**Student:** 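What follows is a single structure, and I will ask about it in a moment.
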Protein chains: 2
Amino acid sequence: MHSGVGTSKSRMLYLLLRERIDSGVWAPGARLPSEPVLAQEHGISRVTVRRALDALEEDSLIRRHAGAGTFVAESGKPKPIVADFANLLAHIVDMGNATSVKLLSFSYEIPSQDVATELGLQPAERVQHSVRVRLTDGQPFSYLVTDVPESIGVNWSEAELAARPLLALLERSGVTAERATQSVSAVLAGPDAAAALQVDVGSALLEIRRTVYDSANRGIEHLHALYRPDRYIFQMDMKRTTRDGNRRWTPVEHPDRGAQRSPRNTRPHHRLSTPSTRVVSHD
Amino acid sequence: MHSGVGTSKSRMLYLLLRERIDSGVWAPGARLPSEPVLAQEHGISRVTVRRALDALEEDSLIRRHAGAGTFVAESGKPKPIVADFANLLAHIVDMGNATSVKLLSFSYEIPSQDVATELGLQPAERVQHSVRVRLTDGQPFSYLVTDVPESIGVNWSEAELAARPLLALLERSGVTAERATQSVSAVLAGPDAAAALQVDVGSALLEIRRTVYDSANRGIEHLHALYRPDRYIFQMDMKRTTRDGNRRWTPVEHPDRGAQRSPRNTRPHHRLSTPSTRVVSHD
DNA sequence: GAAAGCTGTCTGATAAATAAGTCAAGAGGC
DNA sequence: GCCTCTTGACTTATTTATCAGACAGCTTTC
C-alpha cells in the first residue's frame, strides 16, 4: 500500500511547506528560508521551489516581497467550524452563518454490496441514493452520500430531502433512530467530492461512515460523509473517571454545547465562552 | 484553498479507481472497464491509463489477465485495527498482535507557539519533544509527536519513553491526567510521517491533536498523532437518549469493549462477538 | 553609499509525462 | 476454426516538469 504514481517534486515541497505553516512550526509573520536555500536543502532547482511557493501564495498562506524575503501570512485563513463529537450527529452553528444544502443527485438504485450488508437488505432490495453538499456562507464543507431503504425513502420527496435534515424525515416517517455506529477515517478527495467541495483532487478529507438502526435493529440509513478539514473539525472533550475499579476516559459534552467557531487555526482546543447557540441536528 | 501544483493525470486516475474499489462501488471479482474505454472516458491516452493500473496492481488491488480483462482483486488487503473512540485514549489489541514502539527523536527544546499556548507554558519554557512510531506485527500504523513540559518530562528517561506508554509515565511522576480535549482531522502525509509510516508522500492520514490537563488544569501533555487509515480506524457507537426533554445521541461503549480486528475492509460496522481481550492504554 | 541577499524574470538544455498509433498474443464467444 | 476484444509491448512526437544559469531590481545592513 505505498506506490501510487508518485507526486511531483514541486507538489511535494508544497505539501511539506504547507504542513509546516499550518502546523505552527513556522509561526505567522516568520520568514521562510530563501529560495536558493530551499532549493539546496531539498536538492531541487530554484524554479521548482518557486512553483511550490507560487501555489502557497495563491492559497494566501505566504506573502513574498522582492528583496526582503518570503513570509508566512498573518492569518488570512478563515477559521474552521468546530463540531462536538460527543453530540455526534454533527451540529452546525448558525452563529450568523447560514448553512444551506445542495442536492447533487437523487435516485433509487441497487446499493453497493457493502451498503446492502450494512443495512441488512434483501438481495435485490433498492435504496434511495442521494448525494448532497452542505455549505456555510456559500462555502462547501461536507459531501454527504446517503442510502435509505426504498420502503422508507418513499415517504419523502426529492425537494423535501434538499430542505430538511434526513433524520427529521426519518422520524416523521414513523421510524425511530435508536442507535448508530460510525467510523472515522481519512481519504484522498476523488474527482466528484473534490469538485463539490472545491478542493484539489488528492486533498485530504475527513471521512465518516455511519449506519443508523431503528428500535427493531434494522438499518434505516447509511451515510458516507466527507468533510473539508480546513473548514470543519470534530472535537471531543474527555474526562478521567473511575468505573469498575479502573480509571478510564469518558466523553463529556462541552460546557457551551453545540458547535462554534474556533479561536485559533487548526488547533481549536482552548474554549472561549460563547453565548448559547441554537443547534440543529444534521447528518 | 484549492491550488497545489496539480496532480498528474495518471495519479488522478489511480486515486479515482482506488476510491471506487475500496468504497465498494466495484465489488471484488468485478471486471473493470477495458483500458481503451477508461482512456476515452477520461480523455487521456492508454499509456496513462496503464500507468494508473500498474500502480493499482502493485498495491494488489487489481489483477490483470491478458486477453480477459482487469479485475478487482478478491481481498488481499489486511483488515485495519478498529479502535473504539469512546474509550478514546486509543486502545490497542494484543489479540496475538504484538505492538511495539520505535523512538525516532527525543530532545528538549522550545515548543512551537501553538503547543506553548495549548499547554499554557511560560514564554521561554522548554518541552520534552519526542517522535515515536507504533507498529503492530512490524507494520507501522501511527506516528506520534508528543510535547511534555520539561519539568514533568525529566522524571523519565529516553529508554523509558520507548518502552512504556506516556500516560503511565505521567501518572508515575505524580501528575494525574484529569481531562483532555482533542480534535480529529485529516492531513496529507509529509515526508517524515510518510517515511515513518511507509506510505507515499501525499497520502491521506487521520490526524488527532490532543491536550491533556491535570487536576490543577495545567497542560501536561500535547499529542499530535497521525494514523494510517488503512491500518487503523476509529469507531464510535451511539445510542439515542432523552435528556432535558429533547432527544440526543450519547456515545456508548462496545459490548465487547476495547479494540479488535474488523471483519470487513474499511467498513467495520457490524460487530462480531470476540472473546474479551486485554487492552492497554496508549497514546 | 556600498555590499550582500532576496525575489522576479528571463534563457537554453535535459528529463519525464503524455499522446497517438501499431503490432503481437491470450481469452472467450460463435 | 474464426472473429472479436482484451492486455502487453513497442515506436514516435508533443507537451510538461525540472535543471543550471544569468541578470535586473528591490530591501536591508553596515
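Computed from a predicted model, the values in this text were never measured in an experiment. Quick note on labels: first sequence line is chain A, next is B, and so on, each numbered from 1.
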**Student:** Figure out the CE/P separation between B/Met12 and C/dT18, and round it to whole Å.
**Tutor:**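 After rounding, the reported distance stands at 11 Å.
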**Student:** Nearest whole angstrom, please: distance from the P of C/dA27 to the CZ of B/Phe71.
**Tutor:**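 The distance from CZ of B/Phe71 to P of C/dA27 comes to 11 Å, rounded to the nearest Å.
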**Student:** If only side-chain N and O atoms count, and only distance matters, is there a donor-acceptor pair under 3.5 Å linking B/Tyr108 with B/Glu150?
**Tutor:** no
**Student:** Can you name the one residue among A/Leu32, A/Val25, A/Val72 that meets side chain to side chain contact (heavy atoms under 4.5 Å, CB included) with A/Arg20?
**Tutor:** A/Val25
**Student:** Do the side chains of A/Glu57 and A/Arg50 get close enough for a salt bridge, i.e. N-O under 4.0 angstrom?
**Tutor:** no
**Student:** What verdict does the side-chain hydrogen bond (donor to acceptor under 3.5 Å, both in side chains) test give for A/Thr99 and A/Thr136, after you've listed the backbone C-alpha separation in whole Å, the side-chain angles of each residue and the deciding distance to 0.1 Å?
**Tutor:** CA-CA 4 Å; A/Thr99 90; A/Thr136 174; over 6 Å; no
**Student:** Expressed as a whole number of angstroms, how long is the span from B/His42:NE2 to C/dA17:P?
**Tutor:** 20 Å
**Student:** If the sugar-phosphate is the primed atoms plus P, OP1 and OP2 and the base is the rest, what is the B/S/- string for nucleotides 7-20 of chain D, using protein heavy atoms under 4.0 Å?
**Tutor:** BBB-------SSBB
**Student:** Verify the ring-centre separation between A/Tyr143 and A/Tyr227: is it less than 6.0 angstrom?
**Tutor:**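 A/Tyr227 vs A/Tyr143: aromatic centres not under 6.0 Å.
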